[in-house]
Amino acid sequence: MTLIKKVSKVLAVIVVVLAVGGFASHQYVNHVEKQRPVVTLAKHPEKVLFFYRDDCPDCQSIFHQIYWHNAISHNIVLINMNQPQNRHYIQKYQLTSVPTLIHGEQRYTGTNQQRIKQIVGD
């Protein structure tokens, strides 16, 4: 077998492994997004609060960015507002829509990538 054929086979295997891995990680993040845990914010005083709904298209469009940032920095609390026991935060934080990020005095509602990076610390 020539060197080119060997390299081609190795590259094909690498591409397949990366594609399967990418698909699996995408599916896992979608699974995390759909979870509805009850969140207690007293445990997370210095973190960025990310209020979202798992059925919100705007929230879905930025969830992966938020999730992967948090996987590295561990500074974001994911709060799914479709969990009835999390809805008391609507009044406490005067939420009018989702997605909303709050970090100290900073607050942003929307999907602008630059503004999100400013809030989460990228």
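All figures in this text were calculated on a predicted structure; none of them were measured in a lab.
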State, with a plain yes or no, whether a side-chain heavy atom of [X] is found less than 4.5 Å away from one of [Y].
X: Ile79; Y: Phe50; result: no
X: Asn86; Y: Phe51; result: no
X: Glu46; Y: Asn75; result: no
X: Ile119; Y: Arg107; result: no
X: Phe63; Y: Leu78; result: yes

Kindly give the heavy-atom pair with the smallest separation between Gln60 and Asp54, and that separation in Å.
->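 So the two residues come closest at NE2-O, 2.7 Å.
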Looking only at non-hydrogen atoms, find the nearest pair between Asn82 and Asn80 and report the distance.
->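 Scanning both residues, the minimum pair turns out to be N-OD1, 2.9 Å.
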Do the side chain of Asn70 and the main chain of Ile76 share a donor and acceptor less than 3.5 angstrom apart?
->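 It does hold such a pair.
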Between Gln106 and Gln118, does any side-chain donor sit less than 3.5 Å from a side-chain acceptor?
->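 Gln118 and Gln106 do not have a side-chain donor-acceptor pair below 3.5 Å.
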side-chain contact (heavy atoms from CB on, under 4.5 Å) with Ile4: which residues, sequence neighbours excluded?
->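 Residues passing side-chain contact (heavy atoms from CB on, under 4.5 Å) with Ile4: Thr2, Ser8.
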Rounded to the nearest 0.5 Å, what's the gap from NZ on Lys117 to CG on Asn112? Could you check?
->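 Between atom NZ of Lys117 and atom CG of Asn112 there are 10.0 Å.
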Just distance, no hydrogens or angles: give the donor-acceptor pairs under 3.5 Å from side chains in residues 91-100, sequence neighbours left out.
residue	atom	partner	partner atom	Å
Thr100	OG1	Ser97	O	2.6
Thr100	OG1	Thr109	OG1	2.9

